[in-house]
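So the structure is just underneath, and the comments pick up after that.
To find a chain, count down the sequence lines: A is the first, B the second, and so on, and within it residues start at 1.
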There are 2 protein chains.
Amino acid sequence: MATARPAPADPSTPRLELDRFLPYRLNVLAALTSDGVARLYSRQFGVSIPEWRIVATLGEHVKLTAHAIGAHSHMHKTKVSRAVGDLISRGVVRREINKDDLREAFLSLTAEGRAIYEGIAPLALSYEVRLVEGLNDVERAAVNDAVATLTRRSRALLDEIKREQAKGGKQDPAAPPARLRDS
Amino acid sequence: MATARPAPADPSTPRLELDRFLPYRLNVLAALTSDGVARLYSRQFGVSIPEWRIVATLGEHVKLTAHAIGAHSHMHKTKVSRAVGDLISRGVVRREINKDDLREAFLSLTAEGRAIYEGIAPLALSYEVRLVEGLNDVERAAVNDAVATLTRRSRALLDEIKREQAKGGKQDPAAPPARLRDS
DNA sequence: CTGAAATGGTTGCGTTTGCAACTATTTGAT
DNA sequence: ATCAAATAGTTGCAAACGCAACCATTTCAG
């Protein structure tokens, strides 16, 4: 039975405050920026965020398998599969089976797809410019470093946690899978 | 008919690269950290991320309306409504109608809810500590500043964009609502 | 050479999501 | 005092999500 202290008022242990909590703040920030960019393109180009990620990835790399797109754009393979299917049926993306490995297929942008990419890319870039305008070069570098460092660190940390849980993780088998979705 | 230049090779316009694109990078980072923290608590406490946000918010503020929780934790009111309903039925949260305004109700943690909060909070804080370990004080301050500045800026920018679109936004009424979900 | 394991990709399914519409109550204008 | 607009919160619904299971093909071990 857990003894519930109603707020310990203990100054030694720092209290958790959601809006000082980094993962939470990062989620809010990420959502704000995504929302912003998406508003710039989704309406006039009729492209959702997952779709845009695919188009953007193919815009950079010309020809990729679905697997590679997923790896590069951090999307679940089913999400890629369905979005790609949609984009193909809308004539944005083209599929071409790899004859050397019949399991996979190379995906690329059609002319229409490239037009969409060329249309959205400047909008996306302009969003980024507007986002960091008001920062000087040093501050911009600091932002970039911060994001890079945290990403590296959080990746490592996630692996650590996974490993920890893989070891001692047979404790509470009654607990549900606990879907890890958004923030 | 859109003329699709197959990669302009124009060095004056900077090309878009997804993994240098700040909104994208922020989304990846946010997802990584969320995933990490959630793994620390979801299994042993049986609490989802939206639920944890509610518990955390109530842990700090003791007594809030659903509306206030939503505003504070950046969650859609239907998400709050359903998660709260769940938490109440599980005895984690208590609802108490405001007699001065019968539309709303004050929500607070039960003893069990507080126990969960007291259990998760240190885990969350330890995650944060591990995340920024290896950074010196200056770098930590830089991270905090960067997140704060970008959040402020992206909020302002989003408002600008909304205003722009509210004005000239009657152009393409055929475009679908374009749900703005995750990244 | 054969069969098991691995890999690329799709699909069925139950859950979660957000939007729109709704109820109930309060506020504000006339 | 009355009625329209605003606000808190819930719910129906369709879309989107991720997991697990699956098919097809390739790789690898013995």
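Under the 30°/60° scheme for interplanar angles, the aromatic rings of A/His61 and A/His72 are found to stand perpendicular.
The 5' end of DNA chain D is approached more closely, in terms of each residue's nearest nucleotide, by B/Phe106 than by the other of A/Arg103 and B/Phe106. Both B/Asn98 and B/Lys77 sit near DNA chain C, but only B/Lys77 has its closest nucleotide nearer the 5' end.
Rounding to whole angstrom units, CD of residue B/Glu104 and C1' of C/dA24 are separated by 13 Å. Going from atom CG of A/Asp86 over to atom P of C/dT10 covers 12 Å, rounded to whole Å. Summarising the geometry, the separation between CD on B/Glu96 and P on D/dA8 is reported as 18 Å, rounded to the nearest angstrom. For the pair B/Arg95 CZ and D/dT10 C1', the computed distance is 9 Å after rounding to whole Å. Rounded to a whole Å, the CG atom of B/Asp101 is 11 Å from the C1' atom of D/dG9. Between the CG atom of B/Leu102 and the P atom of D/dG9 there is a distance of 12 Å, rounded to whole Å. Rounded to a whole Å, the CD1 atom of B/Ile54 is 12 Å from the P atom of D/dG9. In this structure, the CE atom of A/Met75 is 13 Å from the P atom of C/dG9, given to the nearest Å.
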Open item on the list: For a salt bridge (charged side-chain N to carboxylate O under 4.0 Å, His left out) check, start with the C-alpha distance between B/Arg140 and B/Glu133, then their side-chain angles and the critical distance, and finish with the verdict.
Closed with: CA-CA 9 Å; B/Arg140 285 178 205 189; B/Glu133 98 190 345; over 6 Å; no

TODO: Give the C-alpha distance, both sets of side-chain angles, the deciding distance and a yes or no for side-chain hydrogen bond (donor to acceptor under 3.5 Å, both in side chains) between B/Thr78 and B/His76.
DONE: CA-CA 5 Å; B/Thr78 63; B/His76 195 272; 2.9 Å; yes

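Residues B/Phe21 and A/Val37 form a side-chain contact, since some pair of their non-hydrogen atoms from C-beta on lies under 4.5 Å apart.
If you check every strand for non-hydrogen atoms under 4.0 Å, A/His76 touches a base.
Among C/dG8, C/dT10, C/dT25, the nucleotide with an atom closest to any side-chain atom of A/Ser81 is C/dT10. With D/dT25, D/dT11, C/dT25 as the candidates, the nucleotide lying closest to the side chain of B/Thr78 is D/dT11. Of the candidates C/dC19, D/dA8, D/dT26, the closest approach to any side-chain atom of B/His67 belongs to D/dA8.
Remark: the B/Arg82 side chain and the D/dG12 base include a donor-acceptor N/O pair separated by less than 3.5 Å.
Between the side chain of A/Arg103 and the backbone N or O of A/Asn98 there is no donor-acceptor pair closer than 3.5 Å.
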